[in-house]
Amino acid sequence: MSCSDVTDIPSPAEQKDRASTGRPLPANESSYQPQLSETFSAATASDQEIPRHSLKPGIYVPTLAFFNKESEALDVDTIAKHAVRMAEAGVAGILTQGTNGEAAHLSRTERKVVTKTTRDALNDAGYTDLPIVVGCGAQSTRESIEICYEAQSSGGDFAIILPPSYYKEQYRREELRQFFTDIADASPIPILLYNYPAVAAGIDLDSDMIVDLAQHPNIVGCKLTCGNTGKLNRIAAGTRAATPHDPASGFLCLGGSADFTLQALIGGRVRSHLRPGQRHAQGLRPTVRPLPDRGDGGGEEAAGGCRSGRLDRDPERHHGDQESAAAFPWLRRIRAQAAATADAAGDGVE
Ligand SMILES: N[C@@H](CC=O)C(=O)O
């Protein structure tokens, strides 16, 4: 499977013009109409000619990249099956090339293949409206923008961007702010800020910077995998982040790991990004069911990244209290699925 190369990246002037005068809506654009936050500056609000193109609150899954065990080539069949499995579980969206998606190990061509495979599989299964967020971070502004274009042409709806970190010692706040602002000005798809110091040489965006950057109309959310729920709460309050019941500013403030889903639910006006587990980490595997064995052992192997995790048979322990479940029907559904999965999986799940 291949994807067309990006040949036509607009000039910086054209990019700026596009960002300020509107752009094609993402495929998943709906009647969801957020209001601007009152914490945003008057100048920003009154200059804004287009509504924020927002993601809906919900559970978003950073999906795994699957590889053929022998050749290390992408296992597109499993990538496709897994995407549909996640959609069937009721997620609000899928993230390709997050950390579990091993963006750092993929070539630019492979990144496009993963996203296009995911989009095509979702479309074929009828999930044409399910948004795909694509990891588009790179060390240079220019390459990040190019990857945003490639993400869009591969079927991605949103981009999520890590700060650059190779020259960490040289970056001050202002350079980091400029990096995100320049990408947001130029990207053809809205972006989310990705704060994960563990994979960014310790760079830890603070809440002031994130709230400030959130004023940009093309920056529509953040994902905090730093695990700092105090920061998450400050950002949610400072941006008047969206909830399932109140689109508010439309800014989406996501917890980046299942470990603090409950804290995110309680305090952050947010829904969480779940981490389905990684080969190299003992992550939780709260809603992921092993893929069916393909008969040649490949399915089992391919699902290895998910199988290494641990699932408590009592989903309450990982998904919050009864009150949260009553308030959020999607949470109830996911809990029921997690319980059913645990029962069905038998000894496959600890
Ligand atoms: N589950 C996350 C982990 C860090 O944010 C991801 O894979 O992106």
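Position 1 is the first residue of the sequence, and the numbers go up from there. Numbering of ligands and ligand atoms starts at 1, following listing order.
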Measure up the Y167 and Y171 rings against each other and bin them: parallel (under 30°), tilted (30 to 60°), perpendicular (over 60°). perpendicular

For a quick check under 3.5 Å, do N218 and D185 share a side-chain donor-acceptor pair by atom type? no

R234 and S207 side chains, donor-acceptor separation under 3.5 Å: yes

Proximal ligand 1 atoms for G98, defined as those under 4.0 Å from one of its heavy atoms: 8 (O)

For E72, does the CD atom sit with more than 12 other heavy atoms under 6.0 Å from it, leaving out its own atoms? no

Any N/O of Y196 closer than 3.5 Å to an N/O of ligand 1? no

Using heavy atoms and a threshold below 4.0 Å, how should the contact between T225 and ligand 1 be classified: side chain, backbone, both, or neither? side chain

